[in-house]
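In each ligand, atom 1 is the first atom listed, and ligand 1 is the first ligand listed.
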Amino acid sequence: MNTAIEAPVTLHRPVKSAPATEQRWPVAEVQALLDLPFPELMHRAQTVHREHHDPTQMELATLLSIKTGGCPEDCGYCPQSVHHETGVEATKMMTPEAVREAVLGAKAAGASRFCMGAAWRAPNDRDLEKVEELVRVIKDEGLEACCTLGMLTGDQAQRLKGAGLDYYNHNLDTAPELYGNVITTRDYQDRLDTLGHVREAGIHVCSGGIVGMGESRAGRAGLIAQLANLAPYPESVPINHLVKVPGTPLADEPDLDPLEFVRTVAVARITMPKAKVRLSAGRRQMGESTQVLCFLAGANSIFYGDKLLVTGNPDVEADQDLLARTGMHTTRAHA
Ligand code: SAM
Ligand code: DTB
Ligand code: SF4
């Protein structure tokens with residue numbers, strides 16, 4: 001296992017974590033789960049999954065980049081950062097008409113959740129007003145609405161709640177001690193603060209991370225423990241496999257053993273039993289067998305549609321075929 005981002009880092013601000021006695025999942029216990037023999041781990045994950053979910057049920061969430069590229073942040077994995085030469089061009093925000101068309105397409109294809117992403121460090125108040133209108137478009141069509149717009153203030157979170165937003169996605173991305181190796185333009189505590197504002201506004205929290213950025217098992221344990229110890233833990237947990245985009249600092253990261261990815265999904269399921277665990281970025285690269293192992297490990301949601309934000313996702317037809325061959329059923333939109 002490579003240790004490219006294992007060097008100790010100094011965070012800009014100390015991360016406020018709960019006292020050890022309050023932590024449901026000490027990092028060592030999470031690591032012990034990751035270290036289990038694979039059949040034991042899968043059995044435990046499947047047992048927990050079946051206690052809380054129908055194992056044949058799969059949520060389909062469609063992503064749309066409503067404002068692409070030109071982002072001032074320096075996230076080492078991200079093709080949309082101005083700090084990396086990736087050829088992604090910055091666009092203006094999409095119009096409500098164009099977003100409605102995409103929502104109708106997603107609904108017709110069978111998605112029940114629609115997530116809008118914007119390449120911002122944080123929205124300004126004018127941006128937010130426009131996003132509120134876009135949230136109403138999604139709700140008009142009867143889909144669950146999710147956004148990922150960067151950092152939010154408490155007031156902004158309240159406004160999104162008022163517009164009908166169901167979920168806000170903001171990922172912790174990695175373990176606190178590795179964070180500074182991947183992103184320097186904001187810190188871990190900023191992320192926790194945004195999640196706090198989302199929670200206080202009464203919006204469901206969607207937060208996960210990226211696997212395959214050169215971290216060790218201890219790094220993955222640190223990420224999962226942070227998520228699982230949020231009180232309460234997120235309702236929705238996207239587990240992304242790094243998509244290596246040429247021009248980003250992580251483009252040449254060595255491949256991760258696919259079983260390490262499956263293990264991470266299984267441990268997310270065990271430690272956050274009621275959450276939707278979403279098999280997120282990287283499905284196209286990992287192939288069907290690894291995806292099916294992730295379903296067996298407790299993943300019960302996927303991003304569905306030919307594109308993620310700027311990189312590719314499996315075609316809708318390929319996903320329909322995979323779901324049919326595995327006998328999985330999907331959650332339908334309400335209207
Ligand atoms: N700008 C907002 C933010 O960072 O919160 C929202 C969009 S950002 C692209 C959302 C998430 O996408 C990131 O937190 C990261 O987890 C994921 N992501 C971005 N690039 C990725 C990549 N190359 N591979 C895997 N996940 C990626
Ligand atoms: C999440 O956890 N993954 C999605 C969504 N939330 C916004 C984004 C994945 C991005 C993959 C690279 C790209 O297409 O930009
Ligand atoms: Fe910007 Fe989000 Fe990409 Fe970071 S992950 S560079 S904040 S779009």
Would you check the N or O atoms of [X], main chain and side chain alike, for any that come under 3.5 Å of an N or O of ligand 1?
X	result
Leu149	no
Asp173	yes
Tyr77	yes
Ala118	yes

Can you list the atoms of ligand 1 that are under 4.0 Å from a heavy atom of [X]?
X	result
Trp120	1 (N), 2 (C)
His241	24 (N), 25 (C)
His170	5 (O)
Gly150	2 (C), 5 (O)

Protein residue, atom and distance nearest to [atom], heavy-atom basis:
atom	result
atom 11 (C) of ligand 1	Asn171 ND2, 3.7 Å
atom 8 (S) of ligand 1	Leu309 CD1, 4.5 Å
atom 2 (Fe) of ligand 3	Arg186 NH2, 4.2 Å
atom 24 (N) of ligand 1	Val243 N, 3.0 Å

Can you label the angle between the Tyr179 ring and the Tyr188 ring as parallel, tilted or perpendicular, going by 30° and 60°?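 Plane angle over 60°, so perpendicular.
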With heavy atoms only and a cut-off of under 4.0 Å, state how [X] meets ligand 1: side chain, backbone, both or neither.
X	value
Arg186	side chain
Thr311	neither
Thr148	both
Ile210	side chain

So that I can tick it off, tell me whether [Y] and [X] are bridged by a salt bridge, with the cut-off set at under 4.0 angstrom between side-chain N and carboxylate O.
X	Y	value
Lys67	Asp127	no
Glu59	Arg278	yes
Arg136	Asp140	no
Arg199	Glu235	yes
Glu253	Lys244	no
Arg325	Glu288	yes

From Leu172, Val237, Ile239, Val211, residue fulfilling side chain to side chain contact (heavy atoms under 4.5 Å, CB included) relative to Ile224: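 Of Leu172, Val237, Ile239, Val211, side chain to side chain contact (heavy atoms under 4.5 Å, CB included) with Ile224 is met by Ile239 alone.
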Apply the test side-chain hydrogen bond (donor to acceptor under 3.5 Å, both in side chains) to residues Tyr304 and Gln320: give CA-CA distance (whole Å), side-chain angles for both, the deciding distance (0.1 Å), then the verdict. CA-CA 10 Å; Tyr304 175 67; Gln320 289 291 356; 2.5 Å; yes
Do Arg263 and Phe38 meet the cation-pi criteria used here (NZ or CZ under 6.0 Å from the six-membered ring centre, within 45° of the axis)?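 Pair Arg263/Phe38 does not count as cation-pi.
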Check whether any side-chain heavy atom of [X] lies under 4.5 Å from a side-chain heavy atom of [Y], and answer yes or no.
X	Y	value
Leu293	Leu259	yes
Asn169	Pro238	yes
Glu101	Leu104	no

Have [X] and [Y] got a donor and an acceptor in their side chains that come within less than 3.5 Å?
X	Y	answer
Ser81	Asp74	no
Asp54	Thr56	yes
His204	Asp166	no

Tell me, yes or no, whether the heavy-atom count around Asp252 atom CG, taken from other residues, nucleotides or ligands under 6.0 Å, exceeds 12.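 At most 12 heavy atoms, drawn from other residues, nucleotides or ligands, come within 6.0 Å of this atom.
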Counting heavy atoms not belonging to Glu51, are there more than 12 under 6.0 Å from its CD? yes
Can you count the protein N/O/S atoms lying under 2.8 Å from atom 1 (Fe) of ligand 3, leaving waters out?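 Step by step: take atom 1 (Fe) of ligand 3, keep protein N, O, S below 2.8 Å, and you get 1.
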With a cut-off of 4.0 Å, which atoms of ligand 3 are near a heavy atom of Tyr77? 5 (S)
Please produce the table of protein N or O atoms sitting under 3.5 Å from N or O atoms belonging to ligand 2, one pair a line, distance to 0.1 Å.
from	atom 1	to	atom 2	distance (Å)
ligand 2	2 (O)	Asn171	ND2	2.8
ligand 2	2 (O)	Asn240	ND2	2.8
ligand 2	3 (N)	Asn240	OD1	2.9
ligand 2	6 (N)	Asn169	OD1	3.2
ligand 2	14 (O)	Leu309	N	3.1
ligand 2	14 (O)	Val310	N	2.9
ligand 2	14 (O)	Thr311	N	2.8
ligand 2	14 (O)	Thr311	OG1	2.8

